Amino acid sequence: MNKWKAESHRFPAGIPKLILLLALLALPGWAQTGTPAGAQTPAGEGARATPDTQEQKISPQEAEKLFRSVDEILLFASKDTSFPIKHEVKRQLVGRDEVAAYVIKHTSDDEDAKRLRRSELVLNKFGLLPRDFDLGKFLVALLKEQVAGYYDPKTKTVNLLDWLGAEQQKPVLAHELTHALQDQSFNLEKYMKPADADLDKKKEISPKDIENDEIGSTRQAVVEGQAMVVLVDYMLAPLGESLKDSPQVVEALKQGMLVGTADAVQFQNAPIYMKEALTFPYRYGIDFIAEMLTKGGKEKAFTALFQNPPRTTRQIMEPQTYLAEERIEPMPLPDFRQAFKNYDRFDVGAIGEFDVAVLIDQYAGAETSHQMYPHWRGGYYYAARPKGDPAAPLALLYVSRWSNTEKASQFAALYANALSKRYVHVHDVAENGTDQDQKDSATPAATFEKLTGKRTWLTEDGPVVIEAKGDIVLIVESADQPATEKVEEEVFAPAAAR
């Protein structure tokens, strides 16, 4: 579901084009100071200026110094990664107006806007975004707030900012020039192209489509993780150290990413899902690359990942699964068109290990999430609208697979316990169809430690059915009875045959 696209990460990892754009533009603020923990900020340098503060343009002398540093830092990045320098990198100085125009251009495309709207509504449905949250406005505001220097793979140009001093921009340059080297050897647009696949355009969805749905998120984590390693190595080089010598620096940076800087108001006020999705390629990416460096050296950590990239967020979050070449069987899919014949398809995609981690974090806290998400073994969702009724609540099918029956029943319970947080009115329906207990937002809901079998709740948006059998959890929200019964029959038939 991590569907951004860096211009969209898919759970809706459709947002890989917008997220990739965020990755290019919104390098976390701590990097712009160029100071690892314990180091001092250069005189005259500090946190980035914001659009609401008066800022000074850098002098022609500073601009010249900054331009000269590009070649020096490019050489450092090449040695650090073993990516060859095939040609000079173009460079230009840009102002806030130019950056704002770039942001608007890349967030106003019709197709991306549609994909963004689908992502927003599905995230709303799962309770990962508030019902009144405007995802499009948030992303534009965030980009303007968080902007740092960036490399544009279309123009092959590194863009430097005319309102930040040369020393302050150098660590960001180390990061962005790593992207330039990746691009020279492997063509970043081609490498990220599988992330452009929009399942909404496919008439029939196959298990392979779901299996491939996280590719954009995982490749983005490779690209950003490598660049983060170079950034850290560049910052530590004056101390005679590197990332491998200083794991405490990496941990401090990762924590700083989730907190944000003091002037990062948009980021600090963002929902948990947005913070996690925006920082995923940096935080998990740097850990993944660090593990590759430890286990296989530079070749394994850099060039080999473009030749044999990871395919799931599970492999990024748990690098040992990538190294062991773990293979998880694709989940069988129901006949969506037949089951939802009275509905128009709205969105469909994978719900990977990252998505589950954030979902559980939102519902039950980070500690429970860390205990549960390694037991993920597959998942997908399908969202649809009743035909001829665009104002009706979005119907949602979510099927997940777990490492064993116990973990499946625990997840079913977590999901059920969160219903009272997501809906105003929740009525627990007994098996005979009568209301067992009436719950609303002002009444503490019954909590479960484990949930097996089938259970139904009524909400203001229609019924919610949760059914756990074996290692499978089926969840259907706001769908009619024929659709629910059809997917129940098809989802559990393959499980029974195993």
Side-chain angles (χ1 to χ4, degrees), residues 1 11-12 118 121-122 125-126 199-211 213 329-351 355 359 377-402 405 408-409 411-412 415-416 419 422-423 426-434 451-498:
M1 155 157 86
F11 176 2
R118 295 204 308 272
L121 292 178
V122 173
K125 188 69 178 180
F126 274 99
L199 297 188
D200 190 58
K201 295 179 179 179
K202 298 195 68 171
K203 286 187 177 181
E204 300 292 340
I205 305 298
S206 70
K208 192 71 175 175
D209 292 325
I210 299 298
E211 186 181 33
D213 198 37
E329 280 299 311
M331 294 181 69
L333 302 180
D335 184 338
F336 293 125
R337 289 212 291 181
Q338 181 61 31
F340 290 92
K341 61 185 179 182
N342 296 322
Y343 293 78
D344 291 320
R345 188 170 81 188
F346 185 79
D347 200 16
V348 59
I351 297 186
D355 302 315
L359 203 65
R377 293 296 184 271
Y380 61 86
Y381 72 95
Y382 183 92
R385 290 259 195 222
K387 288 182 177 180
D389 191 359
L394 201 62
L396 179 69
L397 166 68
Y398 169 29
V399 182
S400 61
R401 184 173 63 194
W402 297 85
T405 299
S409 67
F411 179 74
Y415 202 96
L419 292 177
R422 296 171 48 211
Y423 293 101
V426 181
H427 304 261
D428 191 352
V429 179
E431 290 186 8
N432 61 10
T434 62
L451 195 156
T452 56
K454 182 178 179 180
R455 196 148 186 147
T456 302
W457 292 260
L458 296 180
T459 75
E460 65 270 21
D461 283 353
V464 175
V465 176
I466 300 178
E467 186 169 1
K469 279 188 182 179
D471 59 0
I472 300 292
V473 178
L474 166 72
I475 297 165
V476 185
E477 302 190 33
S478 308
D480 60 24
Q481 188 171 345
T484 302
E485 291 177 349
K486 184 65 177 176
V487 294
E488 179 183 1
E489 175 188 338
E490 294 199 29
V491 165
F492 288 117
R498 284 185 299 183

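Quick caveat, the model's predicted, so the values are computed rather than measured.
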Taking the basic N atoms (NZ, or NE/NH1/NH2) and the acidic carboxylate oxygens, is any pair closer than 4.0 Å for Arg401 and Glu329? no
Looking at Asp471 and Arg377, does any basic side-chain N land under 4.0 Å from a carboxylate oxygen? no
Output yes when a side-chain donor or acceptor of [X] lies under 3.5 Å from a complementary backbone atom of [Y], and no otherwise.
X: Lys125; Y: Leu394; value: yes
X: Lys469; Y: Lys454; value: no
X: Ser478; Y: Asp461; value: yes

Identify the two heavy atoms, one from [X] and one from [Y], that lie closest to each other, and give their separation to 0.1 Å.
X: Asp213; Y: Gly349; value: OD2-CA, 3.3 Å
X: Arg385; Y: Phe346; value: CG-CD1, 4.4 Å
X: Gly388; Y: Asp344; value: N-OD2, 4.5 Å
X: Phe340; Y: Ala479; value: CE2-CB, 4.5 Å
X: Ala395; Y: Tyr343; value: CB-CE2, 3.7 Å
X: Lys387; Y: Lys341; value: NZ-O, 3.0 Å

When you compare the side chain of [Y] with that of [X], does any pair of heavy atoms fall below 4.5 Å?
X: Met331; Y: Val399; answer: yes
X: Val464; Y: Leu419; answer: yes
X: Ile205; Y: Arg345; answer: yes
X: Leu458; Y: Pro463; answer: yes

Compute whether any side-chain donor of one residue and acceptor of the other, for Trp457 and Thr459, lie under 3.5 angstrom apart. no
Look up atom [atom1] in [X] and atom [atom2] in [Y], then write down how far apart they are to the nearest 0.5 Å.
X: Phe336; Y: Tyr380; atom1: CZ; atom2: OH; value: 5.5 Å
X: Leu451; Y: Glu467; atom1: CG; atom2: CD; value: 10.0 Å
X: Tyr415; Y: Phe126; atom1: OH; atom2: CZ; value: 5.0 Å
X: Tyr381; Y: Asp355; atom1: OH; atom2: CG; value: 8.5 Å
X: Phe411; Y: Ile472; atom1: CZ; atom2: CD1; value: 12.0 Å
X: Leu474; Y: Glu489; atom1: CG; atom2: CD; value: 12.0 Å

